[in-house]
*Asks:* 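Could you have a look at this structure, given as structure tokens, before my questions?
In what follows, chains carry the letters A, B, and so on, assigned in the order in which the sequence lines appear, proteins first and then strands, with residues in each chain numbered from 1. Model, not experiment: these values are computed from the prediction.
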Amino acid sequence: MELVAEHPVTITNPDKLLWPEANITKAGYIQYMIEVSPWLLPYLRDRPLTLIRYPHGVHGHSFYQKNCPTYAPDWIRRVPVWSDERKDVIQYVVADSLASLIWLANQACLEFHVGFTTLVRPTQPDSVAFDLDPTVAGFEPVREVALALHGLLDRLNLPHLPKTSGATGLQVFIPLQSGHTFEQTRIFTKAVAVYLERQLPNLVTLERLTKNRGTKVYIDFPQHGASRTLIAPYSCRATKLATVSTPLLWSELAAGALPEQFTITTVPPRLRKQGDCMAASNDLASLREIVRFLD
DNA sequence: GTTCTCA
DNA sequence: TGAGAACAACGCTAA
DNA sequence: TTAGCG
Ligand SMILES: [Mn+2]
Ligand SMILES: [Mn+2]
């Protein structure tokens with residue numbers, strides 16, 4: 001089976017079930033990519049990809065892939081990035097077209113993870129994210145912590161919005177003006193996390209050891225770092241329900257939205273009807289004043 | 001999913 | 001001819 | 001330094 005976008009792509013095993021419980025085949029996954037590409041591609045632009053591949057579906061063996069396979073067609077964009085530890089360059093894939101998305105989907109890349117910088121300004125984070133991870137099943141504590149964080153960021157007059165991770169937690173993003181450093185964002189994220197832990201001691205933990213977290217929500221503020229990544233907005237997750245990392249309105253979160261409501265099936269019609277609430281706001285934050293005060 | 005290597 | 005392996009890796013932070 | 005984490 002062959003699909004033609006900017007380039008022709010041969011689809012192998014289009015009927016293979018990648019998400020059996022959700023009844024999503026590879027062809028269905030590619031259809032999702034085609035439908036959401038206008039909203040997904042902007043979040044992948046100029047960002048080296050960390051991919052997670054599931055060649056035999058979400059229940060099969062998986063592996064991370066950073067280096068672009070040598071057999072990829074030459075129109076797949078590769079960007080060399082030096083890796084200190086490996087003492088070599090990694091040829092990262094950067095998705096710059098629908099055809100790239102389709103080719104990666106055929107490779108069973110189910111998850112697309114990206115960092116906080118782009119190739120345009122590789123040392124400057126263009127957003128801050130608070131990663132809220134529940135320790136035990138149940139979304140209500142996550143919602144409660146997120147809404148408290150919302151109140152705080154509102155009082156600081158910083159633009160921000162939530163997105164489901166597609167797994168069990170939530171991320172709160174602050175889009176930044178250009179010119180910030182990771183040193184500044186580290187000071188800020190840590191101060192906010194410590195503040196929330198004090199404000200909600202029964203609900204929030206900053207404890208690194210899982211066994212010491214009890215049933216609290218872990219504010220994973222170290223996840224905001226130079227070489228760290230988070231699931232990209234509108235990327236699928238390798239979950240039973242084929243959930244999607246989905247930006248939400250605060251009103252939706254306050255009204256009881258749940259991560260499992262946003263899936264490969266529900267997200268395309270949502271985007272067609274309501275558009276992308278993350279793209280809708282173009283307000284950028286400056287942390288300079290707050291960081292100067294904290295420092 | 002695809003390629004490569006070793007039986 | 002076919003089975004099996006490889007396909008990432010690092011900063012953070014507490015101890 | 002390393003251990004444990006994501
Ligand atoms: Mn998370
Ligand atoms: Mn996390």
*Asks:* Between A/K26 and B/dG1, does any side-chain N or O lie under 4.0 Å from OP1 or OP2?
*Replies:* yes
*Asks:* If I take atom CG in residue A/D133 and atom C1' in nucleotide D/dG4, what distance separates them, rounded to the nearest angstrom?
*Replies:* 15 Å
*Asks:* From the list D/dG4, C/dT13, C/dC10, which nucleotide is the closest neighbour of the side chain of A/S83?
*Replies:* C/dC10
*Asks:* Classify the nucleic acid contact of A/Y54 as base, sugar-phosphate or nothing, counting any heavy atom under 4.0 Å across all strands shown.
*Replies:* nothing
*Asks:* Examine B/dT2: is either OP1 or OP2 under 4.0 Å from a nitrogen or oxygen in the side chain of A/N106? Give yes or no.
*Replies:* yes
*Asks:* Are any of A/R208's side-chain N or O atoms less than 4.0 Å away from OP1 or OP2 of C/dG11?
*Replies:* no
*Asks:* Taking the six-membered ring for Trp, is the centroid-to-centroid distance between A/F116 and A/H224 below 6.0 Å?
*Replies:* yes
*Asks:* Ignoring backbone atoms, test whether A/K190 places a side-chain nitrogen or oxygen under 4.0 Å from the OP1 or OP2 oxygen of C/dC12.
*Replies:* no
*Asks:* Contact class for A/K211 vs. all strands (heavy atom < 4.0 Å): base, sugar-phosphate, or nothing?
*Replies:* nothing
*Asks:* Indicate, with a heavy-atom threshold strictly under 4.0 Å, whether A/T12 touches base, sugar-phosphate, or nothing.
*Replies:* sugar-phosphate
*Asks:* Give the rounded distance in Å between these two atoms: OH of A/Y218 and P of C/dC12.
*Replies:* 13 Å
*Asks:* Select one nucleotide: of B/dT2, C/dA9, D/dC5, the one nearest the side-chain heavy atoms of A/R213.
*Replies:* D/dC5
*Asks:* Specify the separation, in whole Å, of atom CG of A/N212 and atom P of D/dG6.
*Replies:* 12 Å
*Asks:* Quick one: is A/R228 getting a side-chain N or O under 4.0 Å of the C/dC10 phosphate, OP1 or OP2?
*Replies:* no
*Asks:* For nucleotides D/dG6 and C/dA8, find the distance between their C1' atoms and express it as a whole number of Å.
*Replies:* 13 Å
*Asks:* Nearest whole Å is fine: how far is C/dA5 P from A/Q65 CD?
*Replies:* 18 Å
*Asks:* Would you mind telling me which of C/dA8, D/dG6, B/dG1 lies closest to the side-chain atoms of A/A108?
*Replies:* B/dG1
*Asks:* From CD of A/Q91 over to C1' of C/dC7, roughly how many Å is that when rounded to an integer?
*Replies:* 15 Å
*Asks:* Any donor-acceptor pair under 3.5 Å linking the side-chain atoms of A/Q223 with those of A/Y218?
*Replies:* no
*Asks:* Yes or no on side chain to side chain contact (heavy atoms under 4.5 Å, CB included) for A/L230 and A/D131, after CA distance, side-chain angles and deciding distance?
*Replies:* CA-CA 9 Å; A/L230 284 178; A/D131 184 25; 4.2 Å; yes
*Asks:* What about A/H7 and A/W103, are their ring centers closer than 6.0 Å?
*Replies:* no
*Asks:* Taking only side-chain nitrogens and oxygens of A/S227, does any of them come within less than 4.0 Å of OP1 or OP2 of C/dC10?
*Replies:* no
*Asks:* Quickly work out the A/L209 CG to C/dA15 P distance and round it to whole Å.
*Replies:* 8 Å
*Asks:* Which nucleotide, B/dG1, C/dA8, D/dG6, lies nearest any side-chain atom of A/D131?
*Replies:* D/dG6
*Asks:* Salt-bridged, A/E35 to A/R272, with N to O below 4.0 Å?
*Replies:* yes
*Asks:* Between atom OH in A/Y64 and atom P in D/dG6, what is the gap in whole Å?
*Replies:* 11 Å
*Asks:* Picking from C/dC12, B/dG1, C/dA8, which would you name as closest to the side chain of A/R186?
*Replies:* C/dC12
*Asks:* Starting at atom CG of A/L206, determine the distance to atom P of C/dA14, rounded to an integer number of angstrom.
*Replies:* 9 Å
*Asks:* Is a side-chain donor-acceptor pair under 3.5 Å present for A/T243 with A/T239?
*Replies:* yes
*Asks:* Side chains of A/H56 and A/H61: is there a donor and an acceptor less than 3.5 Å apart?
*Replies:* no
*Asks:* Give the nucleotide from the list D/dG6, C/dC7, D/dG4 with an atom nearest to the side chain of A/D220.
*Replies:* D/dG6
*Asks:* Taking atom C1' in both D/dC5 and C/dA9, compute the distance separating them and give it to the nearest angstrom.
*Replies:* 13 Å
*Asks:* Among C/dA8, D/dG4, B/dT2, which nucleotide sits nearest the side chain of A/Y71?
*Replies:* B/dT2
*Asks:* Give A/H61 one of three labels, base, sugar-phosphate or nothing, depending on what nucleic acid heavy atoms sit under 4.0 Å from its own.
*Replies:* base
*Asks:* Among the candidates D/dG6, B/dG1, C/dC12, find the nucleotide nearest to the side-chain atoms of A/Q223.
*Replies:* D/dG6
